[in-house]
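Here the structure comes first, spelled out in structure tokens, and everything after it is commentary.
Side-chain atoms are counted along with the backbone in the values below, which use heavy atoms only and exclude waters and symmetry mates. Just so we're on the same page: letters track the sequence lines, and every chain starts at 1.
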Amino acid sequence: MLEKLESMRSDSLAEILSAGSPEQLQEVRQKWMGKKGLLTEVLKELGKLTAEERKTVGRLANEVKEAITAAIDRRQETILEEASAFSGEIDLTRPGTAVPAGGLHPITQMAYDLNDIFRSLNFEVYAENEITSELYGFDHLNFPPEHPARESMDTYWIAGTDEKRGAERLALRPHLTGASVRYLQQHGAPARFVYPGRVYRNEATDARHERAFFQYEALIVDRDFSFASGQLLVKSILEKVFGREVDVRMRAGFFPFVEPGFEIDMKCLVCGGTGCKVCKQVGWIEVMPGGSPHPNVLKAAGLDPAVWSGFYINIGLDRLVMMRYGVDDVRLFHSADLRFLGQFR
Amino acid sequence: MKVSLNWIREYVDLPADLTMERLAFDLTMRTVEVEGYENLSEGLKNIVTGRITEVSPHPQADRLRVVLADVGLPAPEQIVCGGSNLEVGQMVVVARPGAKVRWHGEGEPVEIKASKLRGVASAGMICASSEIGLADLFPSGDDHEIMDLAGIACRPGQNLAEVLGLDDEILEIDNKSLTNRPDLWGHYGIARELSAIYGCTLRPLPICTVDAKLPACPVEIANDDLCRRYAAVAYAGLVNVPSPLWLKVALTKVGMRPINNLVDITNYVMLAVGQPTHGFDRTHVKGEIRVRTANEGEVLELLDGRKLVLGPKNLVIADRENPLGLAGIMGGRQDSILPDTTEIVLEIANFSPTCIRHTTQAFGLRTEASIRFEKHVDTQRVDQALGLAAKLFADIVPGSRITAFTDLNLRPTVPPVVAVTLSFLSTRLGSPVTASDVEKSLNPLGFQVEADGGLLRVATPSWRGTGDVSLPDDILEEVARMIGYENFSYRAPVITLEKPVNQRPVQLDRNLREYLAFRCGFQEVFTYPWVEDRFHEAAGFRPEELLAISTPPSPENSRLRASLVPGMLETLVTNLRYFGSFKVFEVTQVFRPGAMSPSVPEEVLPLQEKHLAGAMAGSDAGALFFEAKGVIASMARFCQMGPLSFARMLEPVWAEKKVWLNVMAAGEVIGSLGLLSLKTMKAAGIKNTQAVVFEINLEKLSPLPSRTNGFRHLPLFPLVEQDLSMLLDEAVKWSEIEALVGPMVREVEYVEEYRGKQIPAGKRSLMLRVRLGSEEGTLTSEQIEAQMQSVMKKLNRQFGAEIRGV
């Protein structure tokens with residue numbers, strides 16, 4: 001009996017070790033430990049033995065049982081570690097499954113980046129209609145009556161109105177600034193708002209000129225706003241856009257709706273100001289015009305220029321996006337070409 | 001505009017240590033944008049004067065000569081040359097190795113190297129004027145004529161740039177930055193700015209003193225608003241010859257071609273002081289000079305041969321009989337200065353900028369003169385031009401004399417005196433300024449400042465007094481720019497905290513775009529508001545009913561879109577060239593005739609509404625349509641707005657008759673989605689694809705104040721899911737099935753439909769999924785069976801559904 005148990009121990013352990021899968025191991029367990037298993041049968045016969053025999057045989061039988069159980073557990077763990085959840089071959093260098101295509105236009109992305117910055121400074125976002133009148137597009141903005149921008153060679157006038165004047169002469173808006181007067185008329189001062197949008201100029205197109213392009217204008221109107229503050233505003237905004245410190249300079253610039261008016265330059269981010277192809281060897285890149293609203297513009301908006309002053313900035317969105325990505329043809333923005341737009345996800 | 005630094009130095013002594021870089025920076029920061037600068041001698045490096053000492057035939061070539069030339073070296077250099085006018089003793093221009101020339105005046109500059117020409121060594125090249133960019137200064141008879149320096153003081157071996165006075169820096173100034181500064185359209189004005197910037201003295205210009213006993217040169221001005229001043233100086237004893245070299249060089253350097261001494265003087269005066277002048281042959285003037293508006297239909301032949309038909313809006317200079325020239329723009333052919341001219345009338349006048357601009361625009365004629373008059377020159381400028389012209393005639397045309405003189409100064413420029421307070425200037429500058437600061441900034445520019453406590457009275461000089469400076473803000477700008485914008489420190493504005501900005505429609509617009517782009521996989525595109533007529537027509541619009549642009553980008557692109565669908569059709573065409581399936585959208589305004597007044601009642605604008613449109617291309621029409629429907633159906637939930645629903649009310653013209661729906665909000669049609677009909681696709685040129693388009697009027701959406709999803713408790717006991725497959729008549733719609741089953745179960749959901757071989761015609765197989773459950777306990781299989789049975793029975797009774805499986 002004792003010999004039989006000893007040989008059962010060695011046989012079963014050998015079988016357990018040779019079991020290669022959870023299923024085989026289960027078979028082995030059944031063979032030895034199941035209801036009719038070989039070891040189970042032996043244990044059933046223990047009753048037939050004498051008390052003396054039962055003591056020694058029983059002890060050994062229990063020892064064998066525990067050894068088999070422990071071996072099965074160990075083997076189970078080993079099998080789990082060695083087993084694969086994936087049958088067959090796999091090429092891990094294959095590309096991952098594509099996420100759904102789709103994305104925002106790079107101009108929209110830039111406008112949203114700017115919106116986020118201005119919203120954090122408590123600016124409102126305002127929009128004007130794209131067809132406006134000469135009254136808001138020019139008259140309110142201190143453009144002299146004979147200013148060349150009023151001619152049809154510069155502005156897209158709406159057919160049937162181009163011989164009229166003022167409120168009756170309609171155009172695709174030539175710039176965004178007219179919207180500032182509308183907003184101020186509605187909301188008064190102090191005011192802080194941005195008004196991004198598309199504007200239109202009648203001109204020949206090439207890689208750097210478009211008939212339809214995007215501007216992002218911001219205006220802050222407050223009591224005694226100094227342009228030293230305006231300069232800081234510009235700097236903060238550009239730093240947010242480009243994500244690093246930028247040097248800004250303002251210099252004399254002329255636009256009818258501002259006095260004083262500025263051209264605002266940013267130190268070239270490519271060469272750091274030493275001069276390169278991007279900045280045409282100047283070290284500075286013209287990024288936007290700006291300035292204090294002209295007293296005549298404030299008057300048109302119903303505000304007293306003796307009390308209120310402020311600061312405009314007008315960002316050319318196309319230009320800024322071109323700088324951000326190195327895009328070399330402004331006409332691509334209106335191409336609706338997915339080979340181009342798909343690059344800006 | 002080109003500015004010569006040597007010319008500037010005639011009027012002001014600039015600091016000795018001033019670099020070009022510094023000058024360009026300071027002028028840019030304070031006055032006008034310097035786009036670049038260039039030393040003309042850069043292009044003439046290694047180009048020297050030489051004297052020909054020997055000319056002999058070339059052994060290999062009939063047309064070439066072997067020349068020996070003294071170029072200042074110990075021994076003459078041997079140069080092979082094909083010039084037709086070579087002579088011993090001739091002073092010529094020699095391009096030595098390292099010089100850059102343009103072969104025959106064409107193409108890119110090429111570097112000269114010592115080489116052999118047809119076997120004979122040549123140490124350079126004897127140049128024609130066109131080969132070194134000097135054709136204007138030294139016009140040549142034919143291509144083979146080399147440039148002859150006869151009459152020019154020089155010795156062999158000198159740098160040509162030095163000899164000709166071309167050793168000069170030329171600044172290129174951005175004309176845009178000059179539009180408001182009529183005073184800067186001449187060298188004297190720029191010199192004045194530089195004298196103010198660097199604190200150097202500006203030399204005065206010569207003054208013209210005319211003998212009071214001279215007879216008048218009769219002039220009549222019909223309208224003193226159009227012609228404010230007219231000085232006519234009659235010169236006699238003239239000869240028409242080429243100008244002296246210095247004058248020709250001065251003009252050439254700033255881009256003006258020398259003509260003859262008489263014309264060159266008038267151009268020089270304009271470029272010096274910014275006052276256009278015009279000379280015409282006095283013998284051609286019949287009677288007095290009349291400055292008048294043209295008669296309707298009057299014809300004038302210009303200097304350049306063009307014939308203009310004039311009208312009463314055009315101002316002319318006429319004699320008793322005919323118009324002689326277009327005032328302030330261009331002279332006429334009849335009065336021009338001819339080779340035999342000995343007497344001229346020199347006109348130095350001031351014309352209305354409005355009138356000049358109108359005429360230049362009407363005839364598309366822009367000249368150096370009209371550009372300056374348009375900017376509004378002051379009448380006092382005439383004095384500067386008179387003085388300088390008188391000096392030039394005396395210097396350059398020795399026998400010349402003034403024989404008659406008239407100066408009608410009817411409407412002198414009255415420059416404004418601007419009252420401005422120191423406190424205004426200090427506040428707006430962001431740092432305190434005193435009266436003496438202001439004086440120090442403004443006096444060098446010609447302003448006179450009178451201080452009375454905190455109040456300043458600033459008298460504007462005439463050259464800034466024609467509109468440019470009139471307000472305290474203008475004075476602010478002058479002070480600020482002279483202090484230098486770069487010298488103001490940053491100052492944080494004081495901002496009071498207010499309630500946070502919350503603009504629901506703005507947020508909804510962004511939510512919609514981000515939903516379509518990021519969740520639904522659409523690419524945003526922008527298209528032009530003008531669309532080709534064929535796309536308008538394909539989308540069902542009659543072009544003649546749309547708004548139009550009076551001067552459109554092209555004739556077929558004159559109509560503005562009343563819908564975004566035409567643009568979507570074009571976008572489909574664009575991208576089908578490269579892609580088989582894609583999804584795009586656009587959000588922007590559309591335009592329709594109508595009336596709205598967003599700001600003031602007198603301004604009536606056409607109807608303008610913001611729309612959203614999408615287009616999807618692919619091969620499975622049904623799949624595309626239901627994807628679009630799903631996108632619209634989920635829009636409200638994901639973008640936080642009032643709910644949308646679908647109905648068939650107004651058929652979109654562009655849609656396939658069977659496959660379209662209207663989008664509804666608050667009981668109103670606000671848009672459509674549909675499969676493009678074959679007819680639409682043909683009209684738009686869309687081929688070999690299926691496409692679904694949708695468009696929604698965004699003005700009709702109602703943004704919600706916040707997310708409004710309610711919370712539902714999770715079921716206490718697990719739900720049981722059962723799929724049910726049935727055969728149905730095509731007439732029975734899903735919406736009916738859903739309405740029937742819905743109330744009987746916890747949830748009901750569409751799974752799929754099938755039409756095909758095993759399914760009889762007129763029928764479809766439909767699979768739906770229901771979820772059953774109870775709040776009292778887990779359902780037993782008997783309860784589930786009973787509920788399913790009642791659903792099936794009801795489906796069968798109501799719709800004749802043949803249940804195929806559970």
Exercise for the section: Determine whether the aromatic ring centres of A:Phe262 and B:Tyr485 lie less than 6.0 Å apart. Expected result: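 Yes; B:Tyr485 has its ring centre under 6.0 Å from that of A:Phe262.
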
Could you tell me which portion of [X] (side chain, backbone, both or neither) has an atom closer than 4.5 angstrom to a non-hydrogen atom of chain A?
X        : value
B:Phe522 : backbone
B:Asp509 : both
B:Arg510 : both
B:Phe25  : side chain
B:Val604 : backbone
B:Ser431 : neither
B:Arg30  : backbone

Exercise for the section: Applying side-chain hydrogen bond (donor to acceptor under 3.5 Å, both in side chains), run through A:Arg182 and B:Ser599 and close with a yes or a no. Expected result: CA-CA 6 Å; A:Arg182 291 187 198 274; B:Ser599 294; 2.8 Å; yes

Handout entry: Per-residue contacts, residues 160-171 of chain A versus chain B, heavy atoms under 4.5 Å
Key =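 Against chain B, the residues of residues 160-171 of chain A that fall inside the cut-off (heavy atoms, under 4.5 Å) are A:Asp162, A:Ala167, A:Leu170.
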
Handout entry: Proximal component of A:Glu210, with respect to chain B [non-hydrogen, under 4.5 Å]
Key =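 For A:Glu210, the contact with chain B is made by the side chain alone.
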
Practice task
Look at A:Arg251 together with B:Glu33 and state whether they make a salt bridge at an N to O cut-off of under 4.0 Å.
Solution key: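 Salt bridge between A:Arg251 and B:Glu33, a charged N being under 4.0 Å from a carboxylate O: yes.
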
Practice task
Against chain B, work out which of A:Phe344, A:Trp157, A:Tyr156 has the most heavy-atom pairs shorter than 4.5 Å and name it.
Solution key: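 Most pairs with chain B among the choices: A:Tyr156.
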
